[in-house]
Structure formats: C-alpha cells, structure tokens
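Nothing here was measured: the structure is a model prediction, and the numbers come from that model. Because only heavy atoms are used, hydrogens play no part in the values below, and waters and symmetry mates are left out as well, while side chains stay in.
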Amino acid sequence: MLRALNDIDLAARARAMRGRLRKQGFERDLVGECFAIVREAAERTLGKRPYDEQLMAGWGLLQGKLVEMATGEGKSIAATLPVSTVALAGYPVHVITVNDYLAGRDAEAMEPLYRFLGLNVGAVVQGLSRDQRRQVYGRSIAYCTNKELAFDYLRDRVASARRGSQLHIGLKALHKGTPGDQDLVLRGLYFGIVDEADSVLIDEARTPLILSHNVGAADEAALCQQALAIAAQLGVDDRVIELAERSVRLTQAGEERLAEIAAGLDGVWSSRRAREELVTQAISALNLFHRDQHYVVSDGKVQIVDESTGRVMPDRSWERGLHQLIEVKEGCEPTQRRETLARLTYQRLFRRYLRVAGMSGTASEVSREIRSVYGLDVVRVPQRRPSQRSYRGNRVCLTQAQKWDAVADIVRRVVVDEQRPVLIGTRSVVASEDISAVLSARGIEHALLNAKQDQSEAEIVALAGQPGRVTVATNIAGRGTDIQLDPGVAARGGLHVILTEYHESRRIDRQLFGRCARQGDPGSCETIVSLDDEIFSVFAPEATRLMQRLGVVRATLPVDLSQWLRMLAQHIAERRSAELRMRNLKLDQRLDDMLAFSGRGE
C-alpha cells in the first residue's frame, strides 16, 4: 500500500503521524505503521530497506531495551526506526555514540531519510560554540558523543545554579517573554539511544566526568620541576605503586624521607598533607602515565588519549595538578590548574532520561550490571545471515620483538599469497608505531591510523578493504568502523584481522574481530600476543613469570595454558573495573544524600 504512494503523499503520511502519536502514545499497531513508513522512506532515500531483524531491533529500542546485534548487522539503520518515530511525535531525540567521527558520519548518512520525513538532524562534535550546540540540540534529532553530551549537561547545571531556582528561571522567562533560559543548550533528556552501549555504560563509567575552570597563576613550572625532582629521589621502599589500581601511596619511610627533603623549604612544602599529595602526583606522572600510550605531545601540548576509542581528547585534562606535572615532565609549558565546578557519572546521567535504550554487538557479558544499574534488559536479535568468520588460532610469543616478527610474517603471507586486506589492531600509539617500523623495514606498504594521524581517518577506512591493503590502527578502527570490501575481495576470503594485544575486557577484543566477516561476508582473524604485554604483567604478574619460564624451556607456550593466562588476566581486570564502577555509584549516592539538604544538584 505504501509503495503505491508518491514521495509527496508518503511524506505527508509521515507528518500526519504526529497528532496520533501524541494522542495514542507508542502503541504497538501505531508504531508498526510508523515503522512501515520509515522503512519505505529509507528505501527511497538511502537505497536501504530495513529488514525484519532490524525492525525487531527498532521495536526493542523503543521499548527501552539494550539490543545486542552482531557487528555489521546494521545498527545505524535499525536506530532510525525508533528515532524517527519519537521525533515525529515531537519529542527531542539524542543518538549517543563513542566518537565524533561516528556521530558526524551517521548524522550525515541518515540526513536524507530524516529530511524526507520532515525532520531535521545535526551532530554535536568538538569545536562547536555554545550557540551552535544549542541550535543542534534544538533540532528534531541530535547525534552526539557521550562525553560532549555529559559536559553540555554539566554546563547547563552550572548555568542553572547561577541563575537561581527553576521557579526564578520561569518567572524571568515570563517577564522577558523568552521561551526559557537562554544560557542552556539542552532542551531536556527525553529519549536517548546509546550506541556501543557497553562501552559507554560500562567501560567509560569507571571515571567520573568533572567540569572545571582555570584558577591560580599559570606559571608553576618551578613547583612542578621541584616536585618531580623530589619524587625521583624517593626509592622503592619509600612508595607503593599499584599498577592495576593505577594508584600511588607513600610508605611510612617515604613520608619521613619526604619530610627530611622538604625541611627548610617554604610554601606548599611546609604543609605535610599538601607536599605528600603533590609528590604522590609527581610519582604518578613519572611511573603511571606514559607518552604515546596515555597521552601524546602535539604542538607543545600534552593531550590525553582515550584508550577506549584511541582518540585524542584535546579539551580534557587530569585534575589535582597531575596534568601540569606531566606537561613539565615532557618539557611543555604548564597550563593553569583547574578547580572542580561540577561532577557527574554516566550512571547518574543516563538514568535521568525519561526513555533510554542502547545497542551494541557485545553486551551479554555485562547484562547483569546493565540491568541493575541502568534498568535495561539485554535482548539479542538473531543474525540475518550466518557468520562466515573463521578463527586461525592464538599465538603467544615470549617477547615483543618476536611478536612483531610473527605479525609481519603473517601479513606478508596474507598480502602476497592471498591478496587480501589486513587490519592490525594495537592498544596504544607506541605499539602501532612499533609494528609500523617493522613493516617498513621489510618493505611492506601500509597505512597507519592512531591518535597522531586521525585527520585522515575517513580516507584510511575507505581504502582498508582493497586487495593487499595493510592497515595498522589503534582502537580508532574498533567500534562502529565499517570496512567495505572491494569487489573480488570476498572471493579471496575477505578482510583478515590480527589482534596484537588483549584488552582488559574480552568485549573489546570481540569488537576488533567484528571488523571482518560483516553481514554474511567471509573474513578471518587471529591473535598474536606476547607475555610482556601490559595485560599480563599488570594483572597476572606471578602467573606470567611462571609462563615465561615455561616458555623458555619449551620454546613455545601450549595453547591451553596461554588461554588460561588470558582468562585469568582479563577476569582480574574486569573484576577490578567493576569494583571501581560500584565505588563511583556509591559515591554518587552519598553526594546525593549530602547535597539534598542544600537543594544543590551535581
């Protein structure tokens, strides 16, 4: 019936849904009719007709579920069904994803469909002014990243606190004849769909988001240099460094040693608590934060790298003087210290939506935590076509050098003999540069994609499916990246993915493997790691040392023992991350109780 309508009549049919949706709500039959309109419109505007499994996913999202779809099954298209339905009803919709590239890409790709339906869409990305953000959030649909949304929400909360109570804001709006507080950019948290939900709701929920502003003098290089020098004088018996917890504390001997060094110094060094905190941060800067792993130095500035996404976060900084200490350590001009204005966790933010849903390819492992914290049930949607992904096994090398040589051997075989594209996944910038150097030494042409070369991301991803193409990438090429195969590549076996280091969560490993064998295409993957990788040395050091001794004796490590070591290290890492998230949640609850008396929010 809908296929018989011309474009004008179909668009009018879509616009006519608003009154019915507002009156009847998201009732099953009415939603089915709306989905049918969106499906027909998508075929006409995008050339893609949502299939039955995507309709199932769309219904689950509208019902407030976390929908698990296998990687490559078309979550972006599935999301347009509930997004369009809610937007047609006149409610604000946010589609939240993990990076600017995906937010901008999906907003642009789906814009013809939304425009056909009489809706407008935009993307909130880094670099937009406050007025530009307000305009995007004012549209029917806003694509944004979790971090941009969270900080916009925090800034709105701070602006509201400065302007008085909601009653005062309302009275001022009536008096001035304006529609509301013009300092705010968001127009409410009504319906949000969180893409890559396990990454946002679980992996990135370990660290609270803090809104801050510059305070004090910018020139504190001398103090930081002094702190770093004193920290370097303390021995191993003076401090305890917990690599797994990423924390530092002074021992009793260390406190006494610091007091001796600080004797006769004035200023901050005369206060026991202040000097111990400063030196502890200096020890952290020297031992826990490493260049090209946790941050990069670009144009004389220290920029944090988000390990989950592999991307630079140029407007973020570490708190309590840590950022300034790292800047001085790297020979950069220190920026001003920052004072906390507001604090927020993802656990609190996403529970404030009236309607919230999520989608991911890897959520089942953490379904219990997602249900208990966010109230979202995980439902799995069947695959449209059976997976043709083949696993070529796991190899554990004794050293990094052996690992990179093994990776280069595999790349040469796959590229030369099979003429297939290869994607090599690394955890850090420095690791990507290490394997890049090995490939270059062997004369293997390749593209490098990391936090230093992210400007060419779209071009590199577009070419990654060509025959014989080798791409080395950090997690930038992980979640959400769709590598399209050139004609003829599928017949050769599709994309081959090599994982070179296990992540702290098995779900992130699965996301990298999900770049191949998408939507029924063939593909293959394998793992080549080494015993001196961080995941083993930090989270299972004793077991790793035992395996290293065994590996030296036997030359190779048995597969079953290597898998046991991986499971042990990742289990410990995931357990500690879960404990940290629970600690944040309890702190949130305590802050709520404390601030309830004053009427303050975040």
Participant: Taking the basic N atoms (NZ, or NE/NH1/NH2) and the acidic carboxylate oxygens, is any pair closer than 4.0 Å for Arg343 and Glu319?
Facilitator: no
Participant: Salt bridge check, Asp156 against Arg130: does any charged N sit closer than 4.0 Å to a carboxylate O?
Facilitator: yes
Participant: Would you mind checking if Asp306 and Lys147 are paired as a salt bridge, meaning a charged N to carboxylate O distance below 4.0 Å?
Facilitator: yes
Participant: State, to 0.1 Å, how close Ser284 and Val248 come at their nearest heavy-atom pair, and which atoms those are.
Facilitator: OG-CG2, 3.4 Å
Participant: I'd like to know if Arg469 pairs up with Glu445 as an ion pair, taking the criterion as any Lys NZ or Arg NE/NH1/NH2 lying under 4.0 Å from an Asp or Glu carboxylate oxygen.
Facilitator: no
Participant: Taking the side chain as C-beta and beyond, is there a heavy-atom pair between Leu46 and Pro112 under 4.5 Å?
Facilitator: yes
Participant: Salt bridge (charged side-chain N to carboxylate O under 4.0 Å, His left out), that's the test. Do Arg427 and Asp533 meet it? Break it down for me.
Facilitator: CA-CA 10 Å; Arg427 279 190 63 178; Asp533 287 344; over 6 Å; no
Participant: Centroid-to-centroid, His290 to Tyr295, below 6.0 Å?
Facilitator: no
Participant: Are Glu526 and Ile410 close enough that some pair of their side-chain heavy atoms sits under 4.5 Å apart?
Facilitator: yes
Participant: When you look at Arg392 and Glu418, which way does the salt bridge (charged side-chain N to carboxylate O under 4.0 Å, His left out) test go after all the steps?
Facilitator: CA-CA 15 Å; Arg392 294 192 173 183; Glu418 304 176 23; 3.5 Å; yes
Participant: If only atom types and distance count, is the side chain of Arg581 paired as donor or acceptor with the main-chain N or O of Ala205 below 3.5 Å?
Facilitator: no
Participant: For Val472, which of Asp434, Leu448, Leu423, Val407 qualifies under side-chain contact (heavy atoms from CB on, under 4.5 Å)?
Facilitator: Leu448
Participant: Are the side chains of Val83 and Val95 in contact, using a 4.5 Å heavy-atom criterion?
Facilitator: yes
Participant: Can you confirm whether Arg506 is buried at CZ, in the sense that more than 12 heavy atoms of other residues, nucleotides or ligands lie under 6.0 Å from that atom?
Facilitator: no
Participant: Quick one: do Glu504 and Arg576 satisfy salt bridge (charged side-chain N to carboxylate O under 4.0 Å, His left out)? Show the steps, please.
Facilitator: CA-CA 10 Å; Glu504 293 180 14; Arg576 293 190 176 182; over 6 Å; no
Participant: How long is the gap from OH on Tyr391 to SG on Cys525, to the nearest 0.5 Å?
Facilitator: 5.0 Å
Participant: Donor-acceptor pair, Gln402 side chain versus Ser530 backbone, under 3.5 Å?
Facilitator: no
Participant: What distance separates Arg133 CZ from Cys144 SG, expressed to the nearest 0.5 Å?
Facilitator: 9.5 Å
Participant: Near Gln563 CD, under 6.0 Å, is it more than 12 heavy atoms from other residues, nucleotides or ligands?
Facilitator: yes
Participant: Quick check: are there more than 12 heavy atoms from other residues, nucleotides or ligands sitting under 6.0 Å from CZ of Arg249?
Facilitator: no
Participant: Which value, rounded to the nearest 0.5 Å, describes the distance between Thr80 atom OG1 and Lys48 atom NZ?
Facilitator: 10.0 Å
Participant: Rounded to the nearest 0.5 Å, what separates atom CG in Asn146 from atom CG in Leu209?
Facilitator: 8.0 Å
Participant: The test is salt bridge (charged side-chain N to carboxylate O under 4.0 Å, His left out); show your working for Lys301 and Glu330 and say whether it passes.
Facilitator: CA-CA 9 Å; Lys301 297 180 180 179; Glu330 296 295 342; over 6 Å; no
Participant: Between Asp521 and Arg518, does any side-chain N to carboxylate O distance fall below 4.0 Å?
Facilitator: no
Participant: Could you go through the side chain to side chain donor-acceptor pair (under 3.5 Å) check for Arg420 and Ser524 one step at a time?
Facilitator: CA-CA 10 Å; Arg420 297 168 56 195; Ser524 58; 2.6 Å; yes
Participant: Find the distance between CG (Leu512) and CG (Asn475) and round it off to the nearest 0.5 Å.
Facilitator: 7.5 Å
Participant: Answer yes or no: are there more than 12 heavy-atom neighbours, outside Lys329 itself, under 6.0 Å from its atom NZ?
Facilitator: yes
Participant: Got a second to check how far Leu485's CG is from Gln519's CD, nearest 0.5 Å?
Facilitator: 10.5 Å
Participant: Count the heavy atoms belonging to other residues, nucleotides or ligands that lie under 6.0 Å from CZ of Arg510, then report whether that count exceeds 12.
Facilitator: yes
Participant: Determine, for Asp405 against Arg442, whether the closest basic-nitrogen to carboxylate-oxygen distance falls under 4.0 angstrom.
Facilitator: yes
Participant: Between Phe289 and Arg246, is there a cation-pi geometry (under 6.0 Å to ring centre, at most 45° from the normal)?
Facilitator: yes
Participant: Between the side chains of Asp203 and Arg507, is the shortest nitrogen-to-carboxylate-oxygen separation below 4.0 Å, so that they form an ion pair?
Facilitator: yes
Participant: Between Lys403 (side chain) and Thr500 (backbone), is there a donor-acceptor pair under 3.5 Å?
Facilitator: yes
Participant: If we only count heavy atoms from C-beta on, is the His323 to Ile304 side-chain gap below 4.5 Å?
Facilitator: yes
Participant: Could you check if a side-chain atom of Val296 sits within less than 4.5 angstrom of a side-chain atom of Arg291, using non-hydrogen atoms only?
Facilitator: no
